Number of protein chains: 2
Amino acid sequence: MRNVPNQLREAFRSAGRRLTPQRMLILQVLQESDRHLDAEAVHDRVRQRDPEISLATVYRTLALLKEMGLVNAPSLGAERSRYESAGSTPHYHFTCLNCGRVMEFDSPLIGQLSDELSQAHGVSVVGTQLHVVGYCASCVAQMGGESETSRQ
Amino acid sequence: MRNVPNQLREAFRSAGRRLTPQRMLILQVLQESDRHLDAEAVHDRVRQRDPEISLATVYRTLALLKEMGLVNAPSLGAERSRYESAGSTPHYHFTCLNCGRVMEFDSPLIGQLSDELSQAHGVSVVGTQLHVVGYCASCVAQMGGESETSRQ
DNA sequence: TTACCTGCAAAGGGTTTGCACTTTG
DNA sequence: CAAAGTGCAAACCCTTTGCAGGTAA
């Protein structure tokens, strides 16, 4: 467990977490992969180097890494499915990671994006879905200068 | 079961589906709600008018309505969570509705969109997720001038 | 009349957790 | 050493499904 980037060591230390071989391995697998992996895929790859590692540890580690900001979970807020009646104007969503508030918005840029995509790749766009996550104005204000990353 | 918009009737008829009271109720609840509801929330509301309706029916109906394009499920592809190492360039996806091919792309417009959102609403953007669906170039060519609209 | 639907209850499948043992710092 | 982490297996929870009895068209 040497040859570990100090930055990484430090990230764990300052978060009061331990840098275990399992965690390093999982992080490594994610870094080496160029595509998004689900927990099971991570588990499979990790087991090639450490057959003992459990799926539970993979889940726990992914959650931890995500919390630490070392890993992104594109399907952020992997909450249950939500539905809305169609037919209304297309709109996009912003979800606050702190308070969970969902805001809808729209922008002409999205139309531009469709056009750009059509022209560049010759595709025919039927629909777009945009999900932005971050912190809403009031949570930003409330958190002020705190450097703590908040839990979702 | 009269006073039903003919358009709706027709939508079901042409899809070879039946317009049952349960389905109408569910659709109605979704239309009346201004926020996204998960299956359980839909179930709760629907039961206020028909205590007999089951959660299974709600799930089946939501799937059907989504398939018919009458309902949107923002969390498209409610697949399992996927993870990627943070720090890599953000990328977005285009999925072809015909052949299923997935293409990744990127555009500066997305950055602009974040900026726009930040300025307009004072939010702090952490990440964006864009999913575009449509038909890829080769499928468009192959399908030629067919006018059928496809389901999302 | 007959597909298609519904309710019920059980099964699925991804994710989380309790527990006893191990390991990091 | 004490606190954190791990493996295992059971528990969870949302969602799906098999079945037998309804029901729209």
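Below, chains carry the letters A, B, ... as their sequence lines are ordered, and counting in each starts from 1. Owing to the predicted nature of the structure, the values given are computational and were not obtained by experimental measurement.
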Give a yes/no answer on whether the side chain of R13(A) brings an N or O atom under 4.0 Å of OP1 or OP2 in dT24(C). no
Using whole Å, report how far CG of D50(B) lies from P of dT23(D). 11 Å
Grab the CG-P distance between L27(A) and dG5(D) for me, whole Å please. 15 Å
What nucleotide among dT6(C), dT17(C), dG5(D) has an atom nearest to a side-chain atom of R17(A)? dG5(D)
Donor-acceptor pair under 3.5 Å, R60(B) side chain vs dG7(C) base: yes
N/O (side chain, Q22(B)) to phosphate O (OP1/OP2, dG7(C)) under 4.0 Å: yes
To the nearest Å, give me how far apart CG (L64(B)) and P (dT16(D)) are. 13 Å
So, does T20(A) get its side chain near the phosphate of dT6(D), meaning an N or O under 4.0 Å from OP1 or OP2? yes
Between CD1 of I53(B) and P of dC5(C) the distance, given in whole Å, is 14 Å
Atom CZ of R23(B) and atom P of dT23(D) are separated, to the nearest Å, by 14 Å
Is the backbone N or O of V58(A) less than 3.5 Å from a side-chain atom of T61(A), with the two atoms forming a donor-acceptor pair by type? no
Return the value, rounded to whole Å, for the distance between atom CD of E52(A) and atom C1' of dC8(D). 12 Å
Between L55(B) and R18(B), which has a closest nucleotide on DNA chain D that is more 5'? L55(B)
Compare the minimum distances between each of dC5(C), dG5(D), dG7(D) and the side chain of T57(A), then state the nucleotide with the smallest one. dG7(D)
Heavy atoms, side chains only, cut-off 4.5 Å: are Q22(B) and R60(B) in contact? no
Atom-pair distance (CG on D38(A); P on dT16(C)), nearest Å: 13 Å
Take M68(A) and F12(A), measure what side-chain contact (heavy atoms from CB on, under 4.5 Å) needs, and give me the verdict at the end. CA-CA 8 Å; M68(A) 292 176 67; F12(A) 276 80; 3.9 Å; yes
Closest of dT15(D), dA24(D), dT24(C) to the Y59(B) side chain is dT15(D)
CE of M24(B) versus P of dA24(D): gap in Å, rounded? 11 Å
Side-chain donor/acceptor of S118(B) to backbone N/O of S114(B), under 3.5 Å: yes
Given side chains that start at C-beta, do those of V71(B) and I26(B) come closer than 4.5 Å, heavy atoms only? no
